[in-house]
Structures are given as C-alpha cells and as structure tokens.
Amino acid sequence: MRKGNHMSMVMEEEVKRWTAKRKAALVTEIIQGKTTVAEASRAFDMPPSEIEEWIDEAKRGMENALRAKPLDVREQYGRQIKELQEAYGEAMLELRARKKLASLLGEEEK
C-alpha cells in the first residue's frame with residue numbers, strides 16, 4: 001500500500017515539473033508575441049484568466065529576479081528589448097514597402 005502511494009506522489013511530482021515547464025514555454029511564446037492569450041486559451045481549452053495569471057506570475061518572478069541579480073537580468077532584458085525593437089523595425093519597413101508597392105501598382109492600373 002505504501003509503495004503504491006509513493007509511486008503516485010512521484011508521478012504527481014513529474015506532472016508538476018512537466019506542467020511548470022509547459023507553462024513557462026507557453027508564457028514565453030505569449031510574451032514573445034508568437035501566440036496570444038486567446039489563441040492559447042482555445043488551443044488548450046483553458047480560461048484566458050488562468051493563462052493571464054501565469055503571465056502575471058512570470059512577470060512577478062522576473063521582477064524578483066531583477067531585484068536579486070539586477071545586472072544579469074538587466075542585460076538579458078536589454079537583449080530581449082533590442083530583439084523586439086529590431087523585429088518591430090523590420091515589420092514597419094515591410095509594411096512601408098508593401099504600401100509603396102500597392103500605391104505603385106494602383107497608379108499603374110489607372
């Protein structure tokens with residue numbers, strides 16, 4: 001009886017660890033803009049509020065880490081912001097190029 005109980009406890013720990021990893025991966029994808037809360041909510045059949053709670057937890061964790069090791073985290077955070085700015089810049093350039101192309105094509109048709 002005791003052995004079986006121990007086994008279920010070990011299984012629960014495995015599931016908790018796996019869930020934490022999965023949560024972290026999902027939160028990261030949302031923060032990086034690879035998916036949205038609404039999409040994740042539909043894909044995993046979960047209420048958006050639960051996913052938003054995970055994001056809040058992650059942000060609190062980041063804030064705590066920032067207080068604990070400000071330089072390391074600031075560096076990492078700075079890199080992420082730079083990557084986001086570069087991605088945003090590329091998107092804006094592409095958007096301008098598409099608008100220019102559309103206006104040129106529109107003028108040719110007239």
Side-chain angles (χ1 to χ4, degrees):
M1 179 84 184
R2 209 162 164 225
K3 188 178 179 187
N5 192 13
H6 174 73
M7 193 64 193
S8 69
M9 280 176 64
V10 169
M11 286 294 288
E12 281 172 31
E13 281 304 308
E14 283 299 314
V15 169
K16 277 182 200 165
R17 262 201 301 272
W18 179 79
T19 303
K21 272 188 189 170
R22 202 164 148 191
K23 274 188 196 181
L26 183 61
V27 167
T28 302
E29 284 188 356
I30 292 169
I31 289 172
Q32 290 174 343
K34 292 179 183 173
T35 188
T36 65
V37 171
E39 287 169 350
S41 163
R42 281 194 299 273
F44 299 106
D45 194 26
M46 293 168 52
S49 59
E50 189 173 342
I51 297 169
E52 284 165 357
E53 279 175 25
W54 294 355
I55 294 168
D56 289 342
E57 275 175 36
K59 285 179 182 171
R60 278 195 300 275
M62 284 169 70
E63 286 166 9
N64 291 341
L66 193 56
R67 280 192 286 273
K69 291 185 180 173
L71 290 175
D72 293 353
V73 178
R74 188 180 299 150
E75 218 173 87
Q76 186 181 346
Y77 198 63
R79 271 198 309 273
Q80 287 176 340
I81 287 175
K82 189 171 178 239
E83 285 169 12
L84 285 172
Q85 286 171 336
E86 285 169 3
Y88 178 76
E90 286 170 17
M92 294 316 294
L93 284 173
E94 187 178 335
L95 193 61
R96 281 195 211 113
R98 285 183 181 188
K99 282 183 179 175
K100 180 80 174 165
L101 181 64
S103 72
L104 289 172
L105 291 174
E107 286 169 18
E108 281 179 17
E109 287 173 11
K110 288 178 184 170

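In this chain, residues are counted from 1 in sequence order.
Separation of atoms CD1 (I31) and CD (Q80) is listed at 8.0 Å; rounding is to 0.5 Å. Rounding to the nearest 0.5 Å gives a distance of 9.0 Å between CD of E53 and NZ of K23. Here CD of E86 is found 7.0 Å from CD of E83. Values are rounded to the nearest 0.5 Å.
Looking at heavy atoms from C-beta onward, W54 lies in side-chain contact with M46 at the 4.5 angstrom threshold. Looking only at side-chain heavy atoms (C-beta outward), Y77 and K82 stay at 4.5 Å or farther from each other. The shortest distance between side-chain heavy atoms of L93 and R96 falls below 4.5 Å. Between L26 and F44 the shortest side-chain heavy-atom distance falls below 4.5 Å.
With respect to R98 and E94, a salt bridge is recorded, a charged nitrogen being found less than 4.0 Å from a carboxylate O.
Under the side chain to side chain donor-acceptor pair (under 3.5 Å) criterion, Q32 pairs with K34, not counting sequence neighbours.
Placement of I81 and M62 within a single hydrophobic cluster is found when ILVMFWY residues are connected by side-chain heavy-atom separations under 4.5 Å, directly or transitively. Clustering ILVMFWY residues whenever any of their side-chain heavy atoms sit less than 4.5 angstrom apart, transitively, puts Y88 in the very cluster that holds L95.
Of the options V27, V37, T35, T36, a side-chain contact (heavy atoms from CB on, under 4.5 Å) to I51 is made by V37 and by none of the others.
In plain terms, the two heavy atoms of S41 and P47 that are nearest each other are OG-C, 4.2 Å.
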